[in-house]
Every structure is written in C-alpha cells, then in structure tokens.
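Below, all heavy atoms of this structure are taken into account, side chains as well, without hydrogens, waters or symmetry copies. Below, read A as the first sequence line, B as the second, and so on, with proteins coming before strands; counting in each chain starts at 1. Everything numeric in this text was worked out from a predicted model, so none of it was measured.
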Amino acid sequence: MPSYNPKVIEPRWQKLWEESKTFRTPDAANKPKYYILDMFPYPSGSGLHVGHPEGYTATDILARYKRMRGFNVLHPMGWDAFGLPAEQYAIQTGTHPAVTTQNNINTFRRQIKMLGFSYDWDREVDTTDPNYFKWTQWIFLVLFDTWYDAEQKKGRPISELPIPAEVKSQGDKAIRTYRDSKRLAYQAEVPVNWCPALGTVLANEEVIDGKSERGNHPVVRMPLKQWMLRITDYAERLLDDLDTVDWPVAIKEQQRNWIGKSEGAEVDFALPSEPEALAKRGPSSLTLQALTIRVFTTRPDTLFGATYMVLAPEHALVDAITTPAQAAAVAAYKKEAASKSDLERTELAKKKTGVFTGAYAINPVNGESIPIWIADYVLATYGTGAIMAVPAHDERDFEFARTYNLPIRPVVLPPKDWLEATKVFKVLQRFFKDPHYSAGMALIKDPKVSTLSQDEAALLGRMTSLLVRGFDNPLTMTEEIYRSWITTFAECFSDEGTAINSGSFTGQPTASFKASIIAWLEKEGKGKRKINYKLRDWLFSRQRYWGEPFPILHEIDSAGNPTGVIEALTASELPLELPKLEDYKPTGNPEPPLSKAKDWLFVEKNGKRYRRETNTMPQWAGSCWYYLRYLDAKNDKAFCDSAKLKQWLPVDLYVGGAEHAVLHLLYSRFWHKVLFDRGHVPCAEPFKRLVNQGMILGETRYYAGDTFYTEDEIVAEGGKYYKKDDRSVELTPRADKMSKSRGNVINPDDVVNQYGADSLRLYEMFMGPLEATKPWSMRGVEGVYRFLNRVWRLAIDDRHEAVKLLDAVQDVEPDKETLRLLHQTIQRVTDDLDTMSLNTAISAMMEFTNHLTKQTVRPRSVLKTLVLLLSPFAPHIAEELWQALAELPSPSGRGVGGEGNHTLAYEPWPTYDPNLLKADTIEVPVQINGKVKAKLTVAADIGKDALEQAARNDDKVKSQLEGKTIKKVIVVPGKLVNLVVG
RNA sequence: GCCGAAGUGGCGGAAUGGCAGACGCGCCGGACUCAAAAUCCGGUCCCCGCAAGGGGGUGUGGGUUCAAGUCCCACCUUCGGUACCA
C-alpha cells in the first residue's frame, strides 16, 4: 500500500485530531493571543463550493503556522443559518426550516471537516440556535435602550436622555414618545419592496430590475411601518475609524463612498405670502406663508444661479403648494412616480421628466421669485428631498432645464484649462493646427459637406479668432464664451471656478465664496452649514418567518387595537423563540407569517394586554456579532464574558469575500461601536486586519459564439486560438463565474475524492495571490498532487507493505549545498507566510523538494524540517510523514489518540541561520550599457574594487570593450557590474 | 460617468529600481517498459542562424535613471464596485 494514499491517511488524522481535541483553544495560556476569523458561511442546500475553502485554507494555514510560532490561536467556525431558502422550502414541503437548516449544517460541517481545518469545534455557533439568538435579541435591546448623544459623540442609555421641559410638561406619554423617537432602534413608516408572489418584503439587494432575485416576481413599493436602526448617527465615526484599521484600500474606499459624506449648506427658500394667492388655495394652505422649502446643497456659491427649484414627488409640501390649475398634472405625475421602483426610475434616467407645481419660491440671496417643479430625478430620501436647481453648473439641472426651457444663468466662470480640456476644444484645436485650415474652414461652412451642425459651425465662426490666437496667447475665458459653449455643445461646467453674476460675491473663487456665503446665510438666518451623508438608516425588519423575533411588545386596548405604547422584553424573558407554525405560506398581504401564531401572539403582563412584534430580523443580525460569541460560545449568563473579550479582541485577521465589503462589515462595525459605547466591548473596532480572497472562476473555455471547447480541444497559434481539428474558426477564451446554469461548478467533494484534501488545499493556495480572481484548472490540482507524491517518496518506500522509510533517509549531516537550500527555504516560506504570499511559499517548497529528489542520501533532520514547513499547508501528509520520520514521540507534541500518534501541530516552527544562507560563490552579471554581456563567477563576499577588476578582465567583456572608452562604471557588490561606454 | 484593482510565454503565475518569465501546467525529446500508465532525466519567451552568436521582448506613447515589469505623466483595454446622492 504505502504509496501516497490520502484516502487512508486523511480520515485517520482527522479522527485523531477530533478525538483528542488537538485544536481546542484554552482561554488562559501564557502565550500571546492570535484571533483568526473566517466569514462564516450560510449553509445552503447545495453544499460547499470551491470558493469556501479558499479563504478557509488560507486562515487555516495561518492558524497552524501561528500555533507553531507559539501563539495561542483562536480559530473558530459556525453557521449564518437564518435565511430565505429554508423558509421557501418550508412553504413548499411543510418541513420546518430548523430541520432543513440542521441538515444543511450537517452537510457543511462534514465537508469542512473533510478538509482538515484546525477549528476549535467546541466553539461552534449557529445563529438559529435559541441559545445564540437570545443574545442577538439582547443586543437589539441594547440598541433599543440607547440614544446617540451628538455632543459627546457617543451612544448612551435612554434613561440619561435629557427630556426638554416642554415635553416633560405634557406628561408621561409625551416623554415616552420622545424617548422612542431618539432610540437607536425605532419604528418608522418607510417605503419597502413588497413582493406579493413571495409574500414578503425584500431587501434592495434582493430586487433586480424591479423583479425579485428569486423567481423573477414583480416587486412594488409600498409604505410600511418598519423597524429602523439609526446607523446614520454613527456615520462620522464609521468613517473616521476606517483610518485605524488595516484593511484593503479598496474596501475602505467602498465604505467611504457608501457613507458618502458631503459638506455644504442647508438653505431655506421662503414662499411668497400674497394673501390673494393663499385664498385661492383654500383652507388647507392657510399656513403657507409660514412655509419654507429647505434644500441641501454642496454648492451654496451657486445660489445666484438658482433659477428654479425641484421637489421630490414624495416631498411633504407638494400638495400644500400646488396651485389648483396644476393639481391634476401634479397628481398624475406623483402617481406615475410612485408606481416606479427606484431602479426603474434610474433606468429611465436618460430622459428627465417633471411637472410645474404652479408655485414660486424666493431665492434668499437676491429675492428673485423662481418656479417650483416636482421631478423624480430628485430623491426623497437624500438631503431634504428638495433642491435648488443651478442649471448652468449641474449636469442634471442642466439637462432638465433644457428639456423644459428653464433659464440657465452662469455664475461660475471655468478656469481656462477647463475649456482646453474639453473634447470639442481638442477637436477644434487639432483642426486649427491642420495646414489645410483655410480649405477646411470653407468646407465646414458648407452645409452640404460639413458634419457640424449649424450651431456648431456658427460657434466655430465666432470663436475662430480667439482660438487661433490661443495657440500663442493664453485664452481668456469669458461669460460670452462659456454661454456659447453651454448652448452649442450641451456641456456644462460643474467644477470650481470664479464667481460671476453673484452680486457682491462676484470675483471670489469657489472655495472662499462657499465660506463667505454660509457665514452670510447663518447671519441672516436663511441657512446654515450642513454635513450630509448618503448612508441611510438601516431597515431592520423583514416579513419572514425564519429570522430572529423582535423582543418587543405592542400594548393593545380592550378592542385589540394598538395604543402606540411599546415595551421591550427584559433580558430574563429571552430568548423569545419562534412559534411552531402549521402553515408557512405567505398571508397574501404584508402581515408577517408570525401573525398566524395566535397562541404566541398575545401576552398579558402586569395587567396589560400586548401583541408581539411579528416582524423578524434580517439575516445580517446574527452575523453582526458572531465573532464575539466564539469567545464564549456556551455562556448563558452573558453574550460573552468580559475578561474573555479583553483577552481576545480585536480579531487579528479576518478573511472573507469582497461581496461583504459594505453591508456586513459596516453593520458589524456599527453594532460593535454601540456595544463599545455602552461598555460591553473593550475596543472601538472589531477587525484589525481584513483580507479579501478573490473569486474562483470556472475552467477557461474557448468560445465560438455559444459553443465552447476545453483546453485540450484547441490549439494556440500566434496569440490566437483555433479548434484543433478545424482551424477555420477563431475561438475566444473566457473564464466565467461558476454557476449551475453554465455547468462549470467544481464540487470540493469530487476533488477530495480524487486527489485528497491536502491537494485541494495546496492547489487553492498555489493558484495565485489570495486576493486575485483566478480560473480553476483540474490540471493544476494534478500538479500539486504530483508534488505531494514526490514529497512522500522522498521519505517513504512506496514498494514496501508498511509505511517504511527509504534507505536513503539517514541520520547524517546534510551537505553544504543542501543545508544552504534548507535554510533558504525556511526563510522563504516563513517570510511568505508573514506576508500571506502562500503561492510562492509553495513554490519554495517545490524547489527544495526537487533538490532533495536528486539526492541519494536524504538526511532525516532535513526531511523533518521540510515536513514541518509543509504541515500548515498539507497537514495530513505532514502528520503521516512526521510520524514516520520521528523515532520517538516528540516531548513537545501533544498526544493525539492512541499509542504512537503524536501531532506535529505544536512543534516549534523551524528557524533559519542567516549565516548559512549565503553561497561561497555567486554569479554576477556584467552589463555594457545596461545589457547583460557576460557573467562572472566570483566569491560571494567579493569587494567592490575586486569585482570591477574581475569584470574588466573577463574575456567576453574585453572583446565587447574593444575600441570603446569606459565613461562610467557602476558596481553593486553581490549584484552586478554595469559599464557605460561611449 | 465616478471609485478601485489589474494588464508579463500556449495557460495559472514569479520578480527589495539591478540577469524578465521562479514554481506549476501544457508541449517536445530521452530513460524505464513487450507496450501503456506512473515515474525519472533533459529542453521549452519570440525572431535570424547548422552552430557559435546576434537581435527583439512585460497593454500603448512619452519621461526619470548607469539600469524600469517595477518610479513619473498621458492614453487604451479588462475585471470588480457604484450610480440622478444635489
């Protein structure tokens, strides 16, 4: 038997590790801690795919390496198990989602264990376990109990919220309402994506082109009372603290964009208060004169160019300001806008639409009366839902103004180089440089020949002299030119420049204008400095069964109607478990399925009647804090013991897919900061270092239209690809995402079956840099499998019946060369592990193996070191070889399983001696004018002068230098010699 | 459009500013074998040349430098994210 047989040795070692709990992590240890975390998976019904083991292998290698480096390593795994698929399955079959979920978890656990990861399984978590979600609910109660103190920039207990006197005077109910309005968890009426076919609300990311991601059902927008989390209060800190974490810049940038901080001003536009106008609108608009429309702008310096205003169709004041004459048109437009999803709105963004309300507002800087429109290019959810439109300097306003013929007034003069950078200018300039310019001019003016429009030709005429002069003299930008430019080329300028047409502010550059106008607005009480965020509050409730129930009660009166009073459960009442349902089918309306559980729904407490909250939490809830639960997974007194939090936090290394760049990672950070503010965790950021593994694509295929061929059916020639047996068709190579429909999914089970877990692990790391997107290749797996076979045969006699060392393995000192290469390999592998360059670490071991293969005598000590280096990558074969190579159980090895089985998992990591790295002689290239012309073999420690002499004396160099003079000599000892000749 | 990443052999990919293509795959040749598989040894960037040797070469065009895949400027392409955010 003992040729390399992963099918036998892998299960054997997995069993040993499991039975003796080799990787159990003690909480107390006199070692430095290292917390390595994987993004835990959603256990889907289709099982593990090869993308999962990529990150898991990388972290496992690091975990095993750090253990050998003497760290107390925490490396846990668990399940993000709430989610829609199990519920859909329940609807179809009646099987409880918990059953489906446990089956899927079992499959995932089996598959993950099959890969030999060194998780501490005693810390396994499952977000659907009541003992887990008890604490998810508990954290929700913390959010519910917290308000954000903007002055202290900190979340504080709701009991510490100062109650304004006028609220206090209105009694308990007012105080209650006031408190509820300040909590981090609050209820609000918001538009949601309701999918009637699925009977649920969907998250934005679950809606594609106005249809549900699953099943392609239509989705409508409707307002529903929802639970929201006030993440916007933490926007600034979520932004600032990005500077304190070691994350990929791309992810930080994505989070910054998502938070979307912009600085500017809020400006109030008053409505004119002519009594006549008011009377016409009837009693509903009696308060009109008190109304102002508040806008947010990042460009208060363009206020003088505001020629109209636009409200979002959903803006609260639309009906109040609309004149009777416009009422019908406005109503129709509002209806149309409401029926469109956000996506449809943006899809149809090419053409801007809108309707005049009939109302006017007063521009606070110049008292001008400007028309108010509604248009769906203004979003109700951003800023104040209303804008001042400056068509001369905003692309969107510009386009809208052109469509509806609204006035465009330039108030910012672009700098000169803006004009020169425009595409049109470049074309013109090229044209003017043309020696056939005069002839060209004649042609351009000839409408039969010219491709320019009449307007363009006219502008060309007007600008000719200016532009011609412009080659030699600086071009002067004037309002006249800018105006022509806008009208002719439909290009507006939206950057910073110099103010024109702006009253006493004229002449100021944009930056100083902004500052001075904000000061003016604040003095006049017409506006103020304002920072706005794109980030919106987090819609936290779902109309689903399979999620965490909210620990919230709604008080009801004797008729069963809600009184508006909400009460949180106490910690002692947790967990609030899900009721069993007979029928998981959607209710057909937005009433969540939990409303069907009549026994569960109503409770009496302190003599009052309550109805439970029937929404459930989104899937993100459980994954927001799972990294904390691992530290103390079985604690039933707290979500985690505080000493353990102090010991283990923050996570030292977090590895997962970039698809979670924003949502999961932002939500987690938010919860963590709230817990931090409330004193439950000891640090402000949860994940110190983050690494994203890249996506693994399917095997490269070679396409001709829709038909494709595999690598061995094609032939490459001159950078092009053809079918082997028919060269008439050129093929295009492409690697696609793995998907069932493309039929290119690689199943890890199959790979392990054929080559073993060690080969799968090794291949996934050898493919390329961890962060890179890379295509799968079965041939590549074969390659690393052959490598492991070679390592095996370095030590083991594969023709022998028992696992027996080859005679070549001897207790002798390694020769000089082998010793040098060994230490070099230790260095390379160690350095590569520290930088997570796992692909090159494997290359280094391959090179050393290739060297050893050629040796007829293989010192046992050398093989043992190689095995230790290999062990984090391919632990099973390493353990097996370690056992064969080690005559005695190593005293430092923790016993695993039965007699004679000793793991290498806690062996000290090999160290290298820098003095042994150097060879006695090295090859140094000699360049002449930067090109390598000769190579010298010299002593490694040769001095600068000696090296130059050696180069000059070299025959090849001499012949190259014949008849030339050396102008300069560069000698880099140990590296090269470069002779510069004339 | 904006933000981010990346462009290197037939393929995956290596290269603190210092010999481009490590390592693996594939391919070619050889050994072993009756034969095949497996394994082992050698070769393999392109062009000219029997060879010795010579020339070219890291998306494109410029630049810095004795020396550039690597640094700087401009552009092109691909991938990922995001998108009326005022």
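- The P atoms of B/U44 and B/G21 are separated by 11 Å, rounded to the nearest whole Å.
- Using atom P as the reference point in both B/G63 and B/G24, the two lie 40 Å apart (nearest Å).
- Here B/G7 sits opposite B/C76 as a Watson-Crick or G-U wobble pair (both hydrogen-bonding atom distances under 3.5 Å).
- Rounded to the nearest Å, the gap between the P atom of B/A35 and that of B/U16 is 48 Å.
- Checking A/Thr232 against A/Asp537 by side-chain atom types alone, a donor-acceptor pair falls below 3.5 Å.
- Partner assigned to B/A15 is none, using Watson-Crick or G-U wobble distances below 3.5 angstrom.
- Checking B/C11, B/C66, B/C23 against every side-chain atom of A/Asn850, the shortest atom distance belongs to B/C23.
- Checking B/G1 for Watson-Crick or G-U wobble geometry (two distances, each under 3.5 Å) identifies B/U82 as its partner.
- Of the N and O atoms on the side chains of A/Ser759 and A/Tyr4, not one donor lies less than 3.5 Å from an acceptor on the other residue.
- For the C1' atoms, the distance linking B/G59 with B/G43 amounts to 30 Å, nearest Å.
- One N or O donor and one acceptor, one from the side chain of A/Lys935 and one from the base of B/C19, sit under 3.5 Å apart.
- You'll find the ring centres of A/Phe400 and A/Tyr308 inside the 6.0 Å limit.
- Taking atom P on both nucleotides, B/U78 is separated from B/C23 by 34 Å, rounded to a whole Å.
- Here the side chain of A/Asn839 is nearest to one of B/A86, B/G13, B/C25, namely B/G13.
- Taking a pair to require two hydrogen-bonding distances under 3.5 Å in either a Watson-Crick or a G-U wobble arrangement, B/G69 remains unpaired.
- What you find for A/Tyr404 and A/Gly354 is that their closest heavy atoms are OH-N, 3.0 Å.
- Across all strands shown, the partner of B/G42 is B/C28, judged by Watson-Crick or G-U wobble contacts whose two distances both fall under 3.5 Å.
- Scanning atom types as modelled, one donor and one acceptor separated by under 3.5 angstrom connect the side chain of A/Lys352 and the base of B/C84.
- Proximity of a side-chain donor or acceptor of A/Asn744 to a complementary backbone N or O of A/Lys737 within less than 3.5 Å is detected.
- Spacing of C1' atoms, B/C66 relative to B/C3, comes out at 39 Å, to the nearest Å.
- Comparing the C1' positions of B/G81 and B/A86 gives a spacing of 22 Å, expressed to the nearest Å.
- Nucleotide B/G4 holds its P atom 14 Å from the NZ atom of A/Lys252, rounded to whole Å.
- Nearest-nucleotide positions on RNA chain B place A/Glu253 closer to the 5' end than the other of A/Glu253 and A/Thr773.
- There is no side-chain donor-acceptor pair under 3.5 Å between A/Gln827 and A/Thr830.
- B/C50 and B/U39 have their C1' atoms separated by 35 Å, with the value rounded to a whole Å.
- Between the CG atom of A/Asp376 and the C1' atom of B/A86 there is a distance of 15 Å, rounded to whole Å.
- Separating the CZ atom of A/Arg828 from the P atom of B/U16 is a distance of 12 Å, rounded to the nearest angstrom.
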